[in-house]
There are 2 protein chains.
Amino acid sequence: MNISEAAKQSGLPSKTIRYYEDIGIVKPDRAGNGYRSYSDNDVHQLAFVQRARSLGFTIEECKLLLSLYSNDQRASADVKLLALNKIEQIDQKIRELKSLKSTLSNLSKNCHGDQKPDCPILEDLASHRNLK
Amino acid sequence: MNISEAAKQSGLPSKTIRYYEDIGIVKPDRAGNGYRSYSDNDVHQLAFVQRARSLGFTIEECKLLLSLYSNDQRASADVKLLALNKIEQIDQKIRELKSLKSTLSNLSKNCHGDQKPDCPILEDLASHRNLK
DNA sequence: CCTTGACCTTACAGTTACTGGAAGCTTTAT
DNA sequence: ATAAAGCTTCCAGTAACTGTAAGGTCAAGG
């Protein structure tokens, strides 16, 4: 099938599929006219990557997951470790964002938000004290 | 003062300070030898940006905040709106990350994580069902 | 047969916010 | 005098695409 059909079936934009080819993720055959020709297996792999990316795995991790996927000898422990690490990264990011939110909330709470120029948010940004 | 002193005082790497000059954030004077020469006010602005960046504001938002900061006529409402929008963005991101985490946790929970190749995580990635 | 429009190709630039490195001045210290 | 530290500019690389331009190919309609 041509790239637009592969795009439809995998849930990825054609542009992204070409990019994935550039970086060596899925290399389709070529038809006589030079068009890319995708097999069902190609599309399956693309959809796999699409799902893994949407779960927050990086491209490099996706490559690893794909290689594990196509390796009959893999240990599920390898995959699980990757997933648990990813969960830890996500937790870390959530902690950071909560801390940011709390700081910004405190700043906003003290700001009148009116037409007057007096603004504690800017004052905090300008000072070096950390209103945490 | 030279750039390394400005770096020390602002908490930003010299490299970043030069980059900020390129994109028009702080333009220092130049000494006779071509070295950048930072005033206390320059450093103050750099520190302001450093703090705003660490709170999750984009460079564009930092420019806006800086211009509001140096505008005596600003309304604190303008700044507060920016902060509240940022808080909303952070909340959205936290929601997304929590959802990702929950999906990954479910997948991991069902994975033995042993030396056998049987792996529900990979199976889920390969299928199109969404184990949410 | 010709044209139109949809679809395909490659290649290059742009995005965000820096970071690293090379090549080459200037200043400072020994 | 020389070496180290600090400064300069410029170019490339990061992550993961996205946009755009210029042009080849294919199927349908007149």
Side-chain angles (χ1 to χ4, degrees), chain A residues 1-39 42-43 45-66 86 89-90 93 96-97 100, chain B residues 1-39 42-43 45-66 86 89-90 93 96-97 100:
Chain A
M1 75 190 80
N2 283 346
I3 196 168
S4 65
E5 181 61 25
K8 199 180 301 174
Q9 290 190 27
S10 67
L12 288 167
S14 303
K15 198 85 199 184
T16 300
I17 295 180
R18 290 196 196 93
Y19 170 68
Y20 283 176
E21 181 179 351
D22 279 352
I23 61 176
I25 287 186
V26 168
K27 305 144 199 166
D29 282 348
R30 293 291 178 139
N33 56 13
Y35 285 18
R36 291 169 178 81
S37 175
Y38 291 88
S39 69
D42 290 337
V43 170
Q45 304 221 132
L46 287 171
F48 180 103
V49 172
Q50 188 282 324
R51 173 104 173 102
R53 287 287 298 126
S54 78
L55 287 177
F57 290 98
T58 66
I59 288 287
E60 279 312 304
E61 289 165 337
C62 288
K63 284 186 182 177
L64 184 49
L65 285 169
L66 263 186
K86 187 54 64 182
Q89 288 171 28
I90 290 172
K93 192 72 193 169
E96 285 170 17
L97 289 175
L100 281 186
Chain B
M1 73 191 81
N2 283 346
I3 195 168
S4 65
E5 180 61 25
K8 199 179 302 173
Q9 291 190 27
S10 67
L12 288 167
S14 302
K15 201 86 198 185
T16 300
I17 295 180
R18 289 196 197 94
Y19 169 69
Y20 282 177
E21 181 179 351
D22 279 351
I23 61 176
I25 287 186
V26 169
K27 304 144 198 165
D29 281 347
R30 294 291 179 137
N33 57 12
Y35 284 18
R36 290 170 178 81
S37 175
Y38 291 87
S39 68
D42 290 336
V43 170
Q45 303 222 132
L46 287 170
F48 180 103
V49 172
Q50 188 283 323
R51 172 103 172 103
R53 287 286 299 128
S54 78
L55 287 177
F57 290 97
T58 66
I59 289 286
E60 279 311 306
E61 288 165 337
C62 288
K63 284 186 183 178
L64 183 49
L65 286 168
L66 263 186
K86 187 54 64 181
Q89 287 171 30
I90 290 173
K93 193 71 193 170
E96 285 170 19
L97 289 175
L100 281 186

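Order of the sequence lines sets the chain letters (A, B, ...), proteins ahead of strands, with each chain counted from 1. If you're wondering where the values come from, they're calculated on a predicted model, not measured in any experiment.
Around NZ of B:Lys93, the count of heavy atoms belonging to other residues, nucleotides or ligands within 6.0 Å does not exceed 12.
You can see that DNA chain D meets the heavy atoms of chain A within a 4.0 Å-exclusive cut from D:dA16 to D:dC26, reading 5' to 3'.
When rounded to the nearest whole Å, the span between CD1 of B:Ile17 and P of C:dC18 equals 12 Å. Taking atom CD1 of residue B:Ile23 and atom C1' of nucleotide C:dA17, one finds them 8 Å apart after rounding to whole Å. Between the CD atom of A:Glu21 and the P atom of C:dA11 there is a distance of 12 Å, given to the nearest Å. Rounded to whole Å, the distance from CG on B:Leu12 to P on C:dC18 is 8 Å. Put simply, CD on B:Glu60 is 10 Å from C1' on C:dT16, counting in whole angstrom units. The separation between B:Leu46 atom CG and C:dC18 atom P is 12 Å, rounded to whole Å. Taking atom OH on A:Tyr19 and atom P on C:dA13, their separation rounds to 17 Å, with Å as the unit.
Once rounded to the nearest 0.5 Å, the distance linking CG of A:Leu65 with CZ of A:Phe48 reads 5.0 Å. Of the inter-residue distances, the one linking A:Lys8 atom NZ with A:Met1 atom CE reads 11.0 Å to the nearest 0.5 angstrom. Rounding to the nearest 0.5 Å gives a distance of 10.5 Å between CG of B:Leu46 and CD of B:Gln9. In this structure, the separation between CD on B:Glu96 and OG on A:Ser54 is 11.0 Å, given to the nearest 0.5 Å.
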I need a per-nucleotide contact map over nucleotides 22-30 of chain C, read 5' to 3'. Cutoff is protein heavy atoms under 4.0 Å; write B for the base, S for backbone only, - otherwise.
----BS---
Donor-acceptor pairs under 3.5 Å, side chain of residues 13-23 of chain B to any protein atom, not counting sequence neighbours: which ones?
residue : atom : partner : partner atom : Å
B:Glu21 : OE1  : B:Arg36 : NE           : 2.4
B:Glu21 : OE2  : B:Arg30 : NH2          : 3.2

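When atom types are taken as modelled, the side chain of B:Asn2 and the backbone of B:Ser4 share no donor-acceptor pair closer than 3.5 angstrom. Of the possible polar contacts, one joining the A:Lys86 side chain to the A:Gly56 backbone as a donor-acceptor pair under 3.5 Å is found.
Ranked by how close their nearest DNA chain D nucleotide is to the 5' end, A:Thr16 and A:Gly32 are led by A:Thr16.
At a threshold of 4.0 angstrom between heavy atoms, the contacts of B:Arg53 are confined to the sugar-phosphate backbone, with no base atom among them. Across all strands shown, B:Phe57 has no heavy atoms under 4.0 Å from either base or sugar-phosphate atoms. Using a 4.0 Å heavy-atom criterion, one finds that B:Ile3 contacts the sugar-phosphate atoms exclusively.
In this model, the phosphate group of C:dC7 is not approached by any side-chain N or O of A:Ser14 to a distance below 4.0 Å at OP1 or OP2. Taking only side-chain nitrogens and oxygens, A:Ser4 comes nearer than 4.0 Å to OP1 or OP2 of C:dC8.
Side chains of B:Leu66 and B:Gln45 form a contact here, defined as non-hydrogen atoms less than 4.5 Å apart.
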